[in-house]
Amino acid sequence: MKQRVKSFLQTQYDGDIILEKPKDRSFGHFATPIAFSLAKELRKSPVKIAEEFSVLFAQNNMFSEVSSVKGYINFKLSESFLDEYASWALNNQKEFAKANNQQKILIEFVSANPTGPLHIGHARGAVFGDTLARLGRHLGYDITSEYYINDAGNQIDLLGLSIQLEGQNSILKQTVQWPESFYRGEYISQLANQAVQEFSISILTDISRQRELALWAKDIVMKMIVQTLDDTHVAFDSFVYESALYDAWDDVLEKIHNGVYEKENKIFLASSLKGDDNDRVVVREDGRPTYLAGDIIYHNQKFERGFDHYINIWGADHHGYIARVKAAIEFLGYDSSKLEVLLSQMVSLLKDGEPYKMSKRAGNVILMSDILDEIGSDALRFIFASKKCDTALEFDIEALKKQDSSNPVYYIQYAHARIKTMIRKSGLSSGEILNATLHSLSHDANSLLFEALLLPEIVDDAFHSRQIQKLTDYLRSLAAKLHKFYYDCKILGTSDEAKLLKLLQVVALSLKTGMSLLGIEAKDSMIKDEY
RNA sequence: GCGCCCGUGGCUCAACUGGAUAGAGUAUCGGACUUCGGAUCCGACGGUUAUAGGUUCGAAUCCUAUCGGGCGCACCA
C-alpha cells in the first residue's frame with residue numbers, strides 16, 4: 001500500500017520521498033516531512049513548499065485529500081482505493097503481505113550445547129530466530145534455519161563424568177568426590193538410570209567407557225532439545241555437528257594459511273590484523289584444535305554453500321567472539337560483511353522480587369519445557385517476540401504464569417474469535433460479504449480498515465529492521481481498535497451489515513496472518529475456563 | 001583498566017531510526033451489561049527521557065564527559 005503511494009509520488013517528484021505515519025491519524029493516512037529537507041536547497045520556507053507540493057500531488061483519485069500543515073504534507077487515501085485493496089487481499093489471502101525478495105539467507109540460532117535441556121534463556125533466541133525466519137520466508141527470501149551442535153570438546157567428557165558420578169552417588173550409594181565443575185540436574189540422574197538399563201551397572205564406574213556414555217547421552221539430550229523446540233513450533237532445516245567438521249581441518253588450514261602462523265608450537269589466527277584485540281590460538285601445543293577452529297571450519301562451510309547473507313543469533317556473552325570469526329572469514333577470502341551477528345541480551349528472572357540466578361552446572365535452571373507446560377507455546381512465543389532483543393529482559397516468573405487478560409496473546413486471539421463468531425451468526429454468505437463495497441464508512445471504520453491493511457508494511461519493516469516486536473505491537477493495537485469498534489458500533493442486523501463484515505474480514509485476515517508469522521494459533525472461538 | 005549493550009511514569013516496554021503535544025500494557029482508583037462473547041470498553045492518577053554540555057529548522061534518538069546497571073576481556077565451549 002505504502003509502496004503504491006510512494007511510486008505515484010515519485011512520478012510527480014523525482015527524488016526520495018520518505019513516507020511516515022502521522023502522529024495523529026486525523027491529519028491523514030500518510031505524511032511526509034520532505035518540505036523540511038528541501039527548505040535549505042530551495043531557499044523557501046517549509047510551509048510554502050508544502051503548500052505547492054500538496055496541490056501537485058492532489059491530482060490523483062488515490063487520494064481524497066492532500067493537505068499541508070506546518071510544513072508537513074498529509075495524504076488521505078480515498079475509499080475506492082482502500083476498497084480495491086481490501087477486495088484484492090480477501091480474494092488472495094495467501095498472498096497478503098507477501099513480497100518477492102529473492103536472496104538466500106542462512107539463519108543460525110539456538111545452537112545450545114547438547115549437555116543439558118534448554119533453559120529459559122535459550123527460549124529468547126529460539127523464538128527470535130524462528131520468527132525472523134517466518135517473516136523472511138513470507139517476504140519471499142529463501143531462508144535456511146540451522147542449528148550448530150557443539151558435540152565435541154571438554155564439555156562432552158564432562159557430561160560423561162557427571163553421569164557416572166551421579167550414578168555412583170544416587171544408585172550405587174557411594175560417596176563421591178565432586179569436581180569443581182560438573183553438570184547436574186534431574187536429567188543427569190535420569191540419564192544415569194537409563195544408562196544402567198541400556199548398558200550395565202558397570203557403565204557407572206568404568207572410566208574407559210566414559211566417552212561412550214557421553215556420546216550416547218548427548219544424543220538423548222539432543223532429542224530432548226528438539227522436542228522442546230518442536231513443542232514451541234520452532235523448526236530447523238538443518239543441523240550441523242561440530243564433531244563432523246574436523247575432517248576438513250587440514251584443507252581449511254591450507255585455505256587460511258595467509259592468516260595463521262606458528263609460534264611456541266601452537267597455531268595462531270592473526271585476527272589482530274583484522275580488528276580483533278589479540279591473535280587467537282586455534283591449535284594447542286598438544287595438537288588439539290580449539291573451539292575457534294571448529295567455528296572457522298563451520299563458517300568456511302557456510303560460505304562455501306553460497307548464501308547471499310548470513311545471520312547468526314548469539315547470546316550477548318559471545319559478543320567478544322564476533323571480531324575473531326569475522327577475521328577468519330576475511331582470511332578465508334570471503335566478505336565478512338555478509339555475516340550479521342545479532343546478540344540477544346540476557347534474560348534475567350525475578351522470583352518474588354528477588355533476582356533468580358541461574359547456573360547450568362549447579363542445576364538451578366528454569367527449564368524452557370517447564371515454562372512451556374505452564375503457559376503454553378503461544379504465550380511463550382508472544383512474550384519473547386514482543387521485546388527488542390538488544391535490551392536485557394527481566395520478568396517475574398509469577399507474571400508468566402498468569403493466564404488472564406493481562407496476557408496479550410489472549411487479547412489478540414479474542415479479537416479474532418469475536419469476528420469469526422459474528423460471521424457465523426450473520427445470515428449473510430461469504431459471497432455477499434465479499435461483494436459489498438466499502439463506501440461511506442464512518443471515521444472509525446475507515447481508520448480500522450486502514451490499520452488492518454497496514455500489515456504488509458509492518459511485516460517488511462519488522463524483518464528488515466530485525467525488530468520483531470513491531471509485529472506484536474501492531475497486532476496488539478489492531479486488536480484494541482477492533483475491540484473498541486465492536487463496543488461502539490452495532491453490526492449484525494443493521495443495513496450496513498455486509499460492508500462492515502467485509503471490513504472485519506480484513507481485520508481478521510491481518511490478525512491471522514500476523515499471528516501465524518509469530519507461530520501463534522488464531523482461534524475461531526475461545527473456550528472460557530471453567531471455575 | 002579496556003570493549004560491547006543499556007538507562008524513558010511505581011513495574012514491563014514503545015516512539016516509524018533525527019520529526020508534529022514522548023505513547024501502550026500493568027498496577028492503583030473510579031465508571032459502563034434489557035448488548036453481535038465483559039477474556040471487553042471508558043475515565044483518572046502517573047514524565048525535567050540518569051546528569052551536564054554540544055551539533056540544527058527540530059534531539060529520548062547523533063557527539064563529548066560524568067554517574068548507574070548488565071555482559072565480555074581463555075590455549076572453556
Side-chain angles (χ1 to χ4, degrees), chain A residues 18-24 27 31-33 36-37 39-40 45-46 69-72 74 111-113 115 150-156 158 181 242 264 266-268 277-278 280-286 288-292 294-295 315-323 343 345-346 348 350 353 383 386-396 399 402-408 410-411 413-415 417-419 421-426 457-458 461 465 467 469-470 472-473 476-477 479-480 482-494 497 500-501 504 525-529:
Chain A
I18 297 161
L19 274 185
E20 51 190 41
K21 191 166 112 187
K23 203 82 199 166
D24 186 340
F27 287 130
T32 178
F36 293 98
S37 47
K40 244 184 185 168
S45 82
V69 179
K70 285 168 31 186
Y72 285 88
N74 299 312
S111 296
N113 294 342
T115 51
N150 299 123
D151 61 342
N154 293 345
Q155 53 181 349
I156 293 298
L158 197 59
S181 65
E242 183 190 359
E264 298 160 359
K266 294 174 252 185
I267 299 179
F268 285 77
D277 297 335
N278 294 299
R280 308 290 171 179
V281 174
V282 287
V283 180
R284 302 175 179 92
E285 208 165 347
D286 61 11
R288 285 155 53 235
T290 63
Y291 178 76
L292 180 58
D295 247 333
D317 53 344
H318 284 66
H319 79 256
Y321 209 73
I322 298 172
L343 299 175
Q345 291 290 326
M346 299 291 127
S348 50
L350 296 174
I383 288 163
S386 60
K387 313 291 177 195
K388 233 195 281 192
C389 73
D390 59 0
T391 53
L393 173 59
E394 191 175 72
F395 56 80
D396 201 296
K402 285 189 184 172
Q403 287 215 37
D404 59 20
S405 59
S406 69
N407 200 330
Y410 289 94
Y411 185 78
Q413 284 175 328
Y414 183 40
R418 267 189 153 165
I419 296 170
T421 302
M422 281 172 66
I423 286 166
R424 274 199 303 277
K425 287 194 174 171
S426 163
E457 277 78 40
I458 303 294
D461 186 23
S465 66
Q467 295 184 14
Q469 87 282 357
K470 290 187 177 189
T472 58
D473 287 351
R476 199 193 309 228
S477 100
L482 182 276
H483 285 308
K484 179 162 172 49
F485 186 75
Y486 175 92
Y487 191 83
D488 290 342
C489 178
K490 174 111 174 128
I491 295 164
L492 293 186
T494 68
E497 182 170 334
L500 290 178
L501 284 178
L504 294 193
S525 64
M526 307 284 280
I527 298 151
K528 272 188 187 169
D529 288 339

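Lettering follows sequence order; numbering is per chain, from 1. Just so it is clear, the values below take in all heavy atoms, side chains as well, and ignore hydrogens, waters and symmetry mates.
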Checklist line | Rounded interatomic separation in angstrom, taking CD1 from A:Ile322 and P from B:C5 | finding: 9 Å
Margin query: For the C1' atoms, the ones on B:G19 and on B:U56, what distance do you get once it is rounded to whole angstrom?
Written below: 13 Å
Next item on the list: Indicate, with a heavy-atom threshold strictly under 4.0 Å, whether A:Ser465 touches base, sugar-phosphate, or nothing.
Entry: base
Next item on the list: Indicate syn or anti for B:U35, taking the glycosidic torsion and treating anything within 90° of 0 as syn.
Entry: anti
Check: Who passes side-chain contact (heavy atoms from CB on, under 4.5 Å) against A:Ser426, sequence neighbours left out?
Finding: A:Leu428, A:Leu492, A:Glu497, A:Leu501
Note to self: Counting the atoms with a prime plus P, OP1 and OP2 as sugar-phosphate, which does A:Asn74 contact under 4.0 Å by heavy atoms, base, sugar-phosphate, or nothing?
What the structure shows: base
Next item on the list: Would you kindly check whether a donor in the side chain of A:His319 faces an acceptor in the base of B:G3, or vice versa, at under 3.5 angstrom?
Entry: yes
Checklist line | Phosphate OP1/OP2 of B:A39 contacted by A:Arg418 side-chain N/O (<4.0 Å) | finding: no
Note to self: Measure NZ/A:Lys387 against C1'/B:C13 and give the value in whole Å, please.
What the structure shows: 5 Å
Margin query: Whole angstroms only, please: what is the CD1-C1' distance between A:Ile419 and B:U40?
Written below: 14 Å
Check: In which stems does RNA chain B show up, taking only runs of three or more Watson-Crick or G-U wobble pairs whose two distances fall under 3.5 Å?
Finding: B:1-7 with B:67-73, B:10-13 with B:23-26, B:28-32 with B:40-44, B:50-54 with B:62-66
Next item on the list: Could you state the atom-to-atom distance from CE of A:Met422 to C1' of B:U35 in whole Å?
Entry: 12 Å
Check: Which value, in whole Å, describes the distance between the P atoms of nucleotides B:A22 and B:G46?
Finding: 15 Å
Next item on the list: Could you tell me whether A:Ala415 contacts a base, only the sugar-phosphate backbone, or nothing, with contacts defined as non-hydrogen atoms closer than 4.0 Å?
Entry: nothing
Checklist line | Interatomic distance where NZ belongs to A:Lys388 and C1' belongs to B:G25 [whole Å] | finding: 17 Å
Next item on the list: Please evaluate the base of B:A74 for a donor-acceptor partner in the side chain of A:Tyr291 within a cut-off of under 3.5 Å?
Entry: no
Margin query: Regarding A:Ser525, tell me which of base, sugar-phosphate or nothing describes its non-hydrogen contacts under 4.0 Å with the strands shown.
Written below: base
Next item on the list: May I have the distance from A:Lys470 (atom NZ) to B:A15 (atom P), rounded to whole angstrom?
Entry: 6 Å
Item checked: Nearest-angstrom distance, P atom, B:U64 to B:G23 -> 30 Å
Notebook entry, point to check: Contact class for A:Lys484 (heavy atom, under 4.0 Å): base, sugar-phosphate, or nothing?
Noted result: sugar-phosphate
Next item on the list: Measure from CD on A:Gln467 to C1' on B:C16 and round the result to the nearest Å.
Entry: 10 Å
Check: Do the side-chain N and O atoms of A:Thr421 and A:Arg424 include a donor-acceptor pair separated by under 3.5 angstrom?
Finding: yes
Next item on the list: Could you list the residues that satisfy side-chain hydrogen bond (donor to acceptor under 3.5 Å, both in side chains) with A:Asp488, not counting sequence neighbours?
Entry: A:Lys484
Next item on the list: Give the rounded distance in Å between these two atoms: CZ of A:Arg476 and C1' of B:U40.
Entry: 16 Å
Check: Hey, is the side chain of A:Tyr411 poking within less than 4.0 Å of OP1 or OP2 on B:C41, counting only N and O atoms?
Finding: yes
